[in-house]
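What you see below is based on every heavy atom in this structure, not just the backbone, and it leaves out hydrogens, waters and symmetry mates. This structure is a prediction, so every number in the text was calculated from the model and none was measured.
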Protein chains: 2
Amino acid sequence: MSEIPFSLDQLRILKAIAEEGSFKKAADSLFVSQPAISLQIQNLEKQLSVPLFDRGGRKAQLTEAGSLLLAYGEKIITLCQETCRALEDLQNLQGGTLIVGASQTTGTYLLPRMIGLFHQKYPYVSVQLQVHSTRRTSWAVANGQVDLAIIGGEVPSELQDVLQIIPYAEDELALILPPNHPLAEKETISKEDLYNLQYITLDSQSTIRKVIDQILTRCQINTNELKVGMELNSIEAIKNAVQSGLGAAFVSVTAIEKELKMGILRRVHIQDVEIKRILSVIVNSNRYRSKAAEAFIKEILPQFASEQFLPELEKLSKNNKQFLDKQVEIKDN
Amino acid sequence: MSEIPFSLDQLRILKAIAEEGSFKKAADSLFVSQPAISLQIQNLEKQLSVPLFDRGGRKAQLTEAGSLLLAYGEKIITLCQETCRALEDLQNLQGGTLIVGASQTTGTYLLPRMIGLFHQKYPYVSVQLQVHSTRRTSWAVANGQVDLAIIGGEVPSELQDVLQIIPYAEDELALILPPNHPLAEKETISKEDLYNLQYITLDSQSTIRKVIDQILTRCQINTNELKVGMELNSIEAIKNAVQSGLGAAFVSVTAIEKELKMGILRRVHIQDVEIKRILSVIVNSNRYRSKAAEAFIKEILPQFASEQFLPELEKLSKNNKQFLDKQVEIKDN
DNA sequence: TAGATATATAATTAATTCTTATCTAAAGTC
DNA sequence: GACTTTAGATAAGAATTAATTATATATCTA
């Protein structure tokens, strides 16, 4: 299927001859011997079955076919050089795309800040954020549709050995109430008070819901007896609902900074209970990470990590699928 | 200066892998062994210092750099194929340009008919006609600016061994008069009558003028005593001037066909004198002739040639600068 | 016609790029 | 979970390709 009857080198030689005016000078400009040029052009003429130069005179003259090939050849060479530049830009973070995945909470409150920082540093890299369920996000990383993701739940078991999962930060979940709620007066409420509240939650399949159930259960709270009044599918919607007095909710503290400051939501602590979950970074361990992903991991993630997890993170940024190592080996030869 | 760190073959391999989904299948589709593919891609990755595929899974996955290179590679390959097609079209007379030179008379009356025929046969070849003096036309052929030319005069001596000059046809020059001229009544006039006419001619440097002088001198006519009333620089202008009664003129019979038929000009013969010149085809013997020039020589020229010159013309069409001969030699091996 | 310059040719050597054979690792099978 | 299948990597040798040096030929210049 469609052999190409010339090589890039031959086109470069053709161009050099046209520019320099003779085989000899072209040979000098390309730092090869003159017969090398002669042979390459002869081969080219043989392969194309058409003469490209009229020799003999003091300078080699292009035939019509030669001019035609030269014109196309210059276009081709230019395109090749453009290709090189695009690849270099990609390596220098002057281009390319970084795709980051996240689940609801992190995608809404944490990642936009990270991406903002990254964008400031590397304005020519276009960044995409994909907010989906933990499950879908994990698969996206596994399939390579997403470079890395930050999630707050468990990675599906079938992906646990494909993905590298690095505990990254703690996310504290707060119980929020409307300011005018009777219990909102208190700093801390008892576990029993929990049974007297109406809850607004994400749907029962969501990771954050499962995490909360898990932790409360561990604190001897029967989650089945907590009254769920409403299930919404966005954290912003839940906050608004709570603010409007429709009930209470568990949300990440990162999601309510502004509202607490403005006094439109109240946070109450629960006696002897701390609801924390671990956020994790996930990457595909079988996949080479782009320069952009590398930079994001090395330069942005640490700024938001809990100190205790920093060493792990550092290890990650050194473990890109073996390639650069090999490069060094080869260069030594 | 600007080495290109990949080859067309490598791009074709990259494309094949992307299309077939695996190194193995790409190898099969390109009819080479699998290691050949592996090695080429490894070299490519080394040269670009960036991995192009994530291996290991059931199918090879492109990295971001791989996709980028693939996208450019496809453009490059397409352009190469376009180049091939353009070259083929040139060979098949489905494209390209033929540039024909001529001097005044042939350029005005003979070549337009030839070019018309050629264009009917090869509508995709664009034909240019350049009408200049014999001298300038000869140089244009020598320099390769013109593929071939038909001239009616002598080729400058310094070009006689660069150019191939093939006598091609006879051009008869006629003496024309306005219909109402006293001598226009006669079929034939005497040499002496010539001295009683006023002549309208091209400028004294023109070839046709020199040819006429030469022939008349040979017939014992003293050209210095012929009265030149007007020098014009176009044959059409001369015809109009004669028609208007401003004098007599010598012009090619091919230039007055229409006017004689319409009776607006009269031709008179001269006792015992025939003014004929030989038209010649000139080509550059050191130069490879394009397929289009070849076709023009082989298929168009014979239709207008004097029979006596046909053998020479045939020889010419077999003598393109040795190239196809070589091809055959090589194919035998 | 001699000298300089440009391209072609030939023989040799160097480099590259295949191929075959073998090996490793992952994925699907029973 | 051992077994087969499949994809890709690796190594060694063969084949091809492309370079080099040396030399020949032809053209332009003086």
Side-chain angles (χ1 to χ4, degrees), chain A residues 5-10 12-14 16-17 20-47 51-62 66 142 158-159 161-162 284-288 321-323 326 329-330 333, chain B residues 5-10 12-14 16-18 20-47 51-62 66 142-143 158-159 161-162 284-288 321-323 326 329-330 333:
Chain A
F6 50 80
S7 71
L8 292 176
D9 279 332
Q10 287 171 328
R12 289 198 325 131
I13 289 172
L14 184 78
I17 298 172
E20 303 287 336
S22 83
F23 285 31
K24 177 98 189 64
K25 286 182 195 146
D28 293 343
S29 82
L30 295 171
F31 305 107
V32 292
S33 64
Q34 169 266 313
I37 301 290
S38 284
L39 292 194
Q40 283 292 350
I41 293 295
Q42 280 170 27
N43 287 338
L44 191 51
E45 289 177 327
K46 254 181 250 167
Q47 286 180 294
L52 302 169
F53 289 98
D54 283 310
R55 287 90 152 164
R58 190 142 282 275
K59 60 177 174 290
Q61 286 271 14
L62 282 167
E158 66 266 38
L159 297 179
D161 41 314
V162 177
N284 188 324
S285 44
N286 294 322
R287 209 164 260 282
Y288 166 79
K321 185 117 204 286
Q322 87 294 48
F323 180 75
K326 258 193 191 166
E329 266 180 50
I330 288 152
N333 296 351
Chain B
F6 49 81
S7 71
L8 292 175
D9 279 333
Q10 287 170 328
R12 290 197 326 133
I13 289 171
L14 184 78
I17 299 172
E20 303 287 335
S22 82
F23 285 32
K24 179 93 187 63
K25 286 181 196 149
D28 293 343
S29 83
L30 294 172
F31 304 106
V32 292
S33 65
Q34 168 266 313
I37 300 290
S38 285
L39 292 198
Q40 283 292 349
I41 292 295
Q42 282 170 27
N43 288 338
L44 190 50
E45 288 178 325
K46 256 181 250 167
Q47 287 180 293
L52 301 170
F53 289 98
D54 283 311
R55 287 89 151 166
R58 191 141 280 276
K59 60 174 173 289
Q61 286 272 12
L62 283 166
N143 292 335
E158 66 267 39
L159 296 180
D161 42 316
V162 178
N284 188 322
S285 44
N286 294 322
R287 212 164 259 282
Y288 167 79
K321 186 119 204 284
Q322 86 292 52
F323 180 74
K326 257 192 191 169
E329 267 180 49
I330 286 153
N333 296 349

[atom1] of [X] versus [atom2] of [N]: gap in Å, rounded?
X        : N      : atom1 : atom2 : result
A:Gln47  : D:dA18 : CD    : C1'   : 13 Å
B:Glu45  : D:dT10 : CD    : P     : 11 Å
B:Asn286 : D:dC28 : CG    : C1'   : 12 Å
A:Lys25  : C:dA6  : NZ    : P     : 6 Å
A:Tyr288 : D:dG8  : OH    : C1'   : 20 Å
A:Arg287 : C:dA26 : CZ    : C1'   : 15 Å
B:Lys24  : C:dC23 : NZ    : P     : 19 Å
B:Phe23  : C:dA26 : CZ    : C1'   : 15 Å

(request) Step by step, work out the side chain to side chain contact (heavy atoms under 4.5 Å, CB included) result for A:Val162 and A:Asn286. (result) CA-CA 7 Å; A:Val162 177; A:Asn286 294 322; 4.1 Å; yes
(message) Suppose we screen for side chain to side chain contact (heavy atoms under 4.5 Å, CB included). Which residues come up paired with A:Asp28, at least two apart in sequence or across chains?
(response)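 Once residues adjacent in sequence are excluded, the partners of A:Asp28 under the side chain to side chain contact (heavy atoms under 4.5 Å, CB included) criterion are A:Lys24.
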(request) Report the residues that fulfil side chain to side chain contact (heavy atoms under 4.5 Å, CB included) with B:Asn43, sequence neighbours left out, ordered by chain and then residue number. (result)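 If we apply the side chain to side chain contact (heavy atoms under 4.5 Å, CB included) test to B:Asn43, skipping adjacent residues, the hits are B:Gln10, B:Lys46.
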Restricting to nitrogen or oxygen on both sides, can you table the protein-nucleotides 17-22 of chain C pairs closer than 3.5 Å?
from, atom 1, to, atom 2, distance (Å)
C:dC18, OP1, B:Gln40, NE2, 3.1
C:dT19, OP2, B:Ser33, N, 2.7
C:dT19, OP2, B:Ser33, OG, 2.4

(request) Please name all residues satisfying salt bridge (Lys or Arg N to Asp or Glu O under 4.0 Å) with B:Lys25, sequence neighbours left out, ordered by chain then number. (result)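 Not a single residue meets the salt bridge (Lys or Arg N to Asp or Glu O under 4.0 Å) criterion with B:Lys25.
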(request) Indicate yes or no: at least one non-hydrogen side-chain atom of A:Gln40 is less than 4.5 angstrom from one of A:Ile17. (result) no
(request) Identify, with sequence neighbours excluded, every residue that meets side-chain hydrogen bond (donor to acceptor under 3.5 Å, both in side chains) alongside A:Glu20. (result) none
(message) Suppose we screen for side-chain hydrogen bond (donor to acceptor under 3.5 Å, both in side chains). Which residues come up paired with B:Gln61, at least two apart in sequence or across chains?
(response)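 Checked B:Gln61 against side-chain hydrogen bond (donor to acceptor under 3.5 Å, both in side chains); zero matches.
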(message) Quick check on C:dT5: is either OP1 or OP2 less than 4.0 Å from any side-chain nitrogen or oxygen of A:Ser22?
(response) no
(message) For a quick test of reading the model: is some side-chain N or O of A:Arg55 closer than 4.0 Å to OP1 or OP2 of C:dA8?
(response)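 For C:dA8, OP1 or OP2 has a side-chain N or O of A:Arg55 closer than 4.0 Å.
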(request) Would you mind reading off the bend of the helix from C:dT1-D:dA30 to C:dC30-D:dG1 from its two end axes, five pairs each, to 10 degrees? (result) 30°
(request) Would you please name every residue forming a ring-ring contact (aromatic ring centres under 6.0 Å, His included) with A:Phe6, sequence neighbours left out? (result)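 A:Phe6: no ring-ring contact (aromatic ring centres under 6.0 Å, His included) contacts found.
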(message) I'd like to know if the side chain of A:Gln42 pairs up with that of A:Ser38 as donor and acceptor (distance under 3.5 Å, no hydrogens or angles considered).
(response)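 Absent: no donor and acceptor within the cut-off.
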